[in-house]
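Taking it in order: structure first as structure tokens, then the write-up.
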Number of protein chains: 2
Amino acid sequence: MVSDKTIGRISVYRRLLKEVAAKGETNVFSHQLATMAGCTPAQVRRDVMTIGYSGSPARGYDVAELIDSISAVLDPPEHEGIALVGVGNLGRAMLSYFVGRSPRLAIVAAFDEDPEKVNRVIHGCRCYPVNDMEQVIRERGIREAIIAVPAAAAQDAARRLVSAGVNGLVNFAPVRLWVPDGVYVENVDVTMALERVAYFARERVQERV
Amino acid sequence: MVSDKTIGRISVYRRLLKEVAAKGETNVFSHQLATMAGCTPAQVRRDVMTIGYSGSPARGYDVAELIDSISAVLDPPEHEGIALVGVGNLGRAMLSYFVGRSPRLAIVAAFDEDPEKVNRVIHGCRCYPVNDMEQVIRERGIREAIIAVPAAAAQDAARRLVSAGVNGLVNFAPVRLWVPDGVYVENVDVTMALERVAYFARERVQERV
DNA sequence: TTCACGCTGTGAATCGTTTCACAAACACTG
DNA sequence: CAGTGTTTGTGAAACGATTCACAGCGTGAA
Ligand SMILES: NC(=O)c1ccc[n+]([C@@H]2O[C@H](COP(=O)([O-])OP(=O)(O)OC[C@H]3O[C@@H](n4cnc5c(N)ncnc54)[C@H](O)[C@@H]3O)[C@@H](O)[C@H]2O)c1
Ligand SMILES: NC(=O)c1ccc[n+]([C@@H]2O[C@H](COP(=O)([O-])OP(=O)(O)OC[C@H]3O[C@@H](n4cnc5c(N)ncnc54)[C@H](O)[C@@H]3O)[C@@H](O)[C@H]2O)c1
């Protein structure tokens, strides 16, 4: 119903609105939010309309109410624990950031095959052996996971996660995962981002000549 | 001229083509590449057409030639060094991955304000004090950078990088950077990715009911 | 009370991207 | 060497997302 683009942007808007609220402002206009988010006022209004909130022509949007409306769309009804597979360099960074950060979305279990890491607590999160994956995920009712294992191990990790009940994945490995219908995968491809930046950094310069 | 979507996809195709080449295959059809990349054969053909390569109706695309054609678009004419600002949890992960990885795009200098990190070599990369940023970037002719500092410090890091000559940024901080025209910014927003996954994981399940 | 202003909500236009659909090309077969 | 089957390249259609443009409204000023 709501497009992935809109979902992505309202997540950004909410973060910005929290900053605005922290400054003591109670209202914002679409053009202010647009400037902060790097998009157009029309885009902001369309997105706000999509999630069913509406503001006042005179005062714009009520910051607190808009945050609540966005949260009603984005936030899971109750706390959702996230699993992390692969506690390497990137996995540890994710742990340091997403353990206990948000009340609604936080990493609650990590998995690795390395005996050095297994059964230790890393950045405040218990690291389990991969063999316990299905059990821990079922017990905790985990439905989203972050994949941060080497490319060669990613597909198998995805398969195990999905079979244990996970239906949303953030994948850092540079491979396209095969998952059944109904499972949502978001690929975060840093190498691609860098190559794109390198390309457009050159292109843009040439434009200026 | 070439859209950012196409640039992103050909980066993925190239990675897949290298895997295909490693298996000893010399030719691929658009439908094979499409299956691997998770898109349609028509999309692959359109992208290949866009970069000016063409295959044979009978044998599909020559793997080596297509890799070369993509590289002619993506690769900088000579080696491009990348700078990293912020050697924290995420920055170290980036270093471990992008130091010496590709012959064309590799992190060659890191910057941090923490005296503990400055002037040490981390994952094979020298970490300089932020005050040396402009000098090192100019000396090395660096034109792309990765920002991995806390949100509050990101805008200032971007400003300094750009003033030193950088015109392409990969930004991990959850803020929208203000940069002059001609500077390309790619935001990698992991929190947004997670929120999107959580949302669509729920949505998809409901669809099935 | 009336007016003028500036913002929202939204139908319609526009824009960029993806997909369709098919002619032309080629290899293989008998 | 004609026939068959499969694939490419690409104009044109379809699609989805963004932007335009303006009616309608509430507010503050006079
Ligand atoms: N580090 C980066 O900046 C970066 C950038 C882009 C992409 N990536 C990708 O992210 C992934 C992780 O990168 P990294 O740098 O953290 O790698 P890493 O080698 O530091 O860590 C990988 C971890 O996964 C564990 N592991 C390996 N096989 C496993 C399995 N079958 N089950 C469970 N755990 C397993 C290892 O023990 C290790 O702890 C890789 O696919 C990499 O390509 C990383
Ligand atoms: N770690 C993650 O998984 C993750 C996920 C999403 C977003 N992020 C974002 O990425 C950024 C980095 O995250 P992190 O987890 O590595 O943080 P971190 O706190 O571990 O590291 C930040 C590093 O930046 C350095 N630093 C601070 N101010 C600086 C300045 N002005 N100039 C140079 N260096 C400076 C610090 O010394 C530290 O080494 C943050 O903006 C964070 O919001 C991180």
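Residue numbering restarts at 1 for every chain, and letters A, B, ... go by the order of the sequence lines.
Residues of residues 11-32 of chain A having a heavy atom closer than 4.0 Å to DNA chain C, listed by number: A:F29, A:S30, A:H31.
Considering only residues two or more places apart in sequence or on other chains, A:Y199 meets the ring pair (Phe, Tyr, Trp, His ring centres under 6.0 Å) condition with none of them. In this view, A:Y97 satisfies the ring pair (Phe, Tyr, Trp, His ring centres under 6.0 Å) rule with no residue, not counting sequence neighbours. Applying the side-chain hydrogen bond (donor to acceptor under 3.5 Å, both in side chains) test to B:E65 and every residue at least two apart in sequence or in another chain returns B:Y53. The side-chain contact (heavy atoms from CB on, under 4.5 Å) search around A:T40 returns A:A42, A:Q43, not counting sequence neighbours. Under the salt bridge (Lys or Arg N to Asp or Glu O under 4.0 Å) criterion, B:R159 pairs with B:D156, not counting sequence neighbours. For B:Q155, there are no side-chain hydrogen bond (donor to acceptor under 3.5 Å, both in side chains) partners, not counting sequence neighbours. Here B:H79 pairs with nothing under the ring pair (Phe, Tyr, Trp, His ring centres under 6.0 Å) rule; sequence neighbours left out.
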Protein-proximity profile, nucleotides 22-30 of chain D, B/S/- by nucleotide at the 4.0 Å heavy-atom cutoff, equals --BB-S---

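Using a 4.0 Å cutoff to heavy atoms of chain B, the contacted part of DNA chain C runs 5' to 3' from C:dT17 to C:dA27.
With respect to the salt-bridge test (charged N to carboxylate O, under 4.0 angstrom), the residues B:D68 and B:R14 do not qualify. Under 4.0 Å is where a charged nitrogen must lie from a carboxylate oxygen, and between B:R104 and B:E80 no such pair does.
Looking at B:S11 and A:R196, their side chains never bring a donor and an acceptor atom within 3.5 Å of each other.
Identified under the salt bridge (Lys or Arg N to Asp or Glu O under 4.0 Å) test for residues 37-53 of chain A, with sequence neighbours left out: A:R9-A:D47.
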Polar-atom pairs under 3.5 Å, protein N or O versus N or O of nucleotides 11-18 of chain D: list them with distances, or write none.
{"from": "D:dG11", "atom 1": "N7", "to": "B:R46", "atom 2": "NH2", "distance (Å)": "3.4"}
{"from": "D:dG11", "atom 1": "O6", "to": "B:R46", "atom 2": "NH2", "distance (Å)": "2.6"}
{"from": "D:dA12", "atom 1": "N6", "to": "B:R46", "atom 2": "NH2", "distance (Å)": "3.2"}
{"from": "D:dT18", "atom 1": "OP1", "to": "A:R9", "atom 2": "NH1", "distance (Å)": "2.9"}
{"from": "D:dT18", "atom 1": "OP2", "to": "A:R9", "atom 2": "NH1", "distance (Å)": "3.4"}
{"from": "D:dT18", "atom 1": "OP2", "to": "A:R9", "atom 2": "NH2", "distance (Å)": "3.0"}
{"from": "D:dT18", "atom 1": "OP2", "to": "A:Q43", "atom 2": "NE2", "distance (Å)": "3.4"}
{"from": "D:dT18", "atom 1": "O5'", "to": "A:Q43", "atom 2": "OE1", "distance (Å)": "3.4"}

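In this structure, the side chain of B:N27 does not engage the main chain of B:G60 through any donor-acceptor pair within 3.5 Å.
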